[in-house]
Student: 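First the structure, which I've put down as structure tokens, then a few questions once you've had a look.
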Amino acid sequence: MRRLAAGLAVAALLSAAAWASDGKPVKPKAGDKCPVCGMFVSKYPDFLAESIHRDGSYAVFDGAKDLFKYLRNPGTFAPGRRPSDIVAIYVTDYYSLALIDGKRALYVVGSDVYGPMGREPIPFAAEKEAREFLADHKGKRILRFEEVTADVLKGLD
């Protein structure tokens, strides 16, 4: 009986893995809304951010600020969702407009560039570009992913 139970458990894990997300970015559909503010995300591709979930679902955002709000407590915006459900995070690099790994990105805060929801942490893949943007657009600081705290977000609202 134990072998049967163990075999069923392994089969369930393998089945779940088969349905799990590959973590690749998605292209938002016309009807996809930001779970934080409710805006239609496809209208703002230059500021797109997204979280990809283990079960293959995703959440898309009209900017990095709302992504960070969601990451703090996804269950607030998507009942039942936990931070451990997220397998990948993407943000749009300001200059290349390419989706980049949100955890490796650098974020300029306090600049004169506004996104769809006002002041945003502006993402960059390269430090050199973040520094140039900081100087050109009166930015205040360059932050790493883990430095974008609740206090930083409050300062942007």
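The basis for the numbers below is simple: all heavy atoms, side chains too, and nothing from hydrogens, waters or symmetry mates.
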Student: When rounded to the nearest 0.5 angstrom, what is the spacing between CE in Met39 and CE in Met117?
Tutor: 6.5 Å
Student: Report yes if the distance between the aromatic ring centroids of Phe47 and Phe61 is under 6.0 Å, otherwise no.
Tutor: no
Student: Same cluster or not: are Ile122 and Leu153 linked, directly or through other Ile, Leu, Val, Met, Phe, Trp or Tyr residues, by side-chain heavy atoms under 4.5 angstrom apart?
Tutor: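 Ile122 and Leu153: separate clusters.
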Student: I need the minimum non-hydrogen distance between Ile100 and Ala105, along with the two atoms involved.
Tutor: CD1-CB, 3.8 Å
Student: For the pair Arg131 (side chain) and Ile142 (backbone), establish whether a donor and an acceptor sit closer than 3.5 Å, ignoring hydrogens and angles.
Tutor: no
Student: Quick check: closest heavy atoms across Ala130 and Val108, and the distance to 0.1 Å?
Tutor: O-CG2, 3.6 Å
Student: Going by side chain to side chain donor-acceptor pair (under 3.5 Å), name the residues that satisfy it together with Lys29, two or more places apart in sequence or in a different chain.
Tutor: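 For Lys29 the side chain to side chain donor-acceptor pair (under 3.5 Å) partners, ignoring immediate neighbours, are Tyr58.
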Student: In sequence, state the C-alpha distance, the side-chain angles, and the governing distance for Asp55 and Ser57, and then conclude on side-chain hydrogen bond (donor to acceptor under 3.5 Å, both in side chains).
Tutor: CA-CA 6 Å; Asp55 64 4; Ser57 65; 2.6 Å; yes
Student: Can you tell me how far the CG atom of Leu99 sits from the NZ atom of Lys27, to the nearest 0.5 Å?
Tutor: 11.0 Å
Student: In the single-linkage hydrophobic clustering (I, L, V, M, F, W, Y; side-chain heavy atoms under 4.5 Å), do Val41 and Tyr44 co-cluster?
Tutor: no
Student: I would like to know whether Asp85 and Arg82 meet salt bridge (Lys or Arg N to Asp or Glu O under 4.0 Å); could you show each step before the answer?
Tutor: CA-CA 5 Å; Asp85 295 334; Arg82 298 179 316 271; 3.5 Å; yes
Student: Any chance you could measure Thr149, atom OG1, to Arg72, atom CZ, to the nearest 0.5 Å?
Tutor: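 The OG1 atom of Thr149 sits 6.5 Å away from the CZ atom of Arg72.
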Student: Whether the side chain of Arg54 engages the backbone of Ser84 through a donor-acceptor N/O pair (distance < 3.5 Å, no angle test) should be reported.
Tutor: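 Yes.
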Student: Check whether any side-chain N or O of Glu50 sits under 3.5 Å from a backbone N or O of Tyr90 as a donor-acceptor pair, and report yes or no.
Tutor: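 Judged by distance alone, no pair lies under 3.5 Å.
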Student: If every non-hydrogen atom of Ala64 is compared with every non-hydrogen atom of Pro121, which pair is closest and at what distance?
Tutor: CB-O, 3.6 Å
Student: In terms of hydrophobic clusters joined by side-chain contacts under 4.5 Å, are Tyr70 and Val60 together?
Tutor: no
Student: Between Lys69 (side chain only) and Val36 (backbone N and O only), is there a donor and an acceptor less than 3.5 Å apart?
Tutor: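 No: the side chain of Lys69 does not pair with the backbone of Val36.
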Student: Might you point out which heavy atoms bring Asn73 and Phe77 nearest each other, and give the distance in Å?
Tutor: O-CD1, 3.7 Å
Student: To the closest 0.5 Å, what do you measure between CD (Glu129) and CG (Asp136)?
Tutor: 11.5 Å
Student: Of the non-hydrogen atoms in Phe40 and Ala30, which two are nearest, and what is the gap between them?
Tutor: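 Between these two residues, the closest heavy atoms are CD2-O, 3.6 Å.
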Student: Got a second to check how far Phe124's CZ is from Phe133's CZ, nearest 0.5 Å?
Tutor: 4.5 Å
Student: I need the full list of side-chain hydrogen bond (donor to acceptor under 3.5 Å, both in side chains) pairs touching residues 95-117, with sequence neighbours left out, sorted by first then second residue.
Tutor: Asp93-Ser96, Asp112-His137
Student: If you apply the rule side-chain contact (heavy atoms from CB on, under 4.5 Å), what do you find for Leu156 with Glu120, and how did you get there?
Tutor: CA-CA 7 Å; Leu156 297 174; Glu120 288 280 338; 5.9 Å; no
Student: Taking Phe68 as the starting point, is it possible to reach Val91 by hopping between hydrophobic residues whose side chains are less than 4.5 Å apart?
Tutor: yes
Student: May I ask whether Val113 and Val109 are part of the same hydrophobic cluster, defined by side-chain heavy atoms of I, L, V, M, F, W, Y residues being less than 4.5 angstrom apart, directly or through others?
Tutor: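 Different clusters: Val113 never reaches Val109 through Ile, Leu, Val, Met, Phe, Trp or Tyr contacts under 4.5 Å.
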Student: Pro28 and Ser42: which non-hydrogen atoms are nearest, and at how many Å?
Tutor: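 Heavy-atom minimum between the residues: O-CB, 4.5 Å.
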Student: Could you measure the distance from the CG atom of Leu67 to the OG1 atom of Thr92? Nearest 0.5 Å is fine.
Tutor: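 Spacing of CG (Leu67) from OG1 (Thr92) equals 10.5 Å.
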Student: Applying side-chain contact (heavy atoms from CB on, under 4.5 Å), can you list everything that pairs with Glu146, at least two apart in sequence or on another chain?
Tutor: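 So Glu146 forms a side-chain contact (heavy atoms from CB on, under 4.5 Å) with Arg144.
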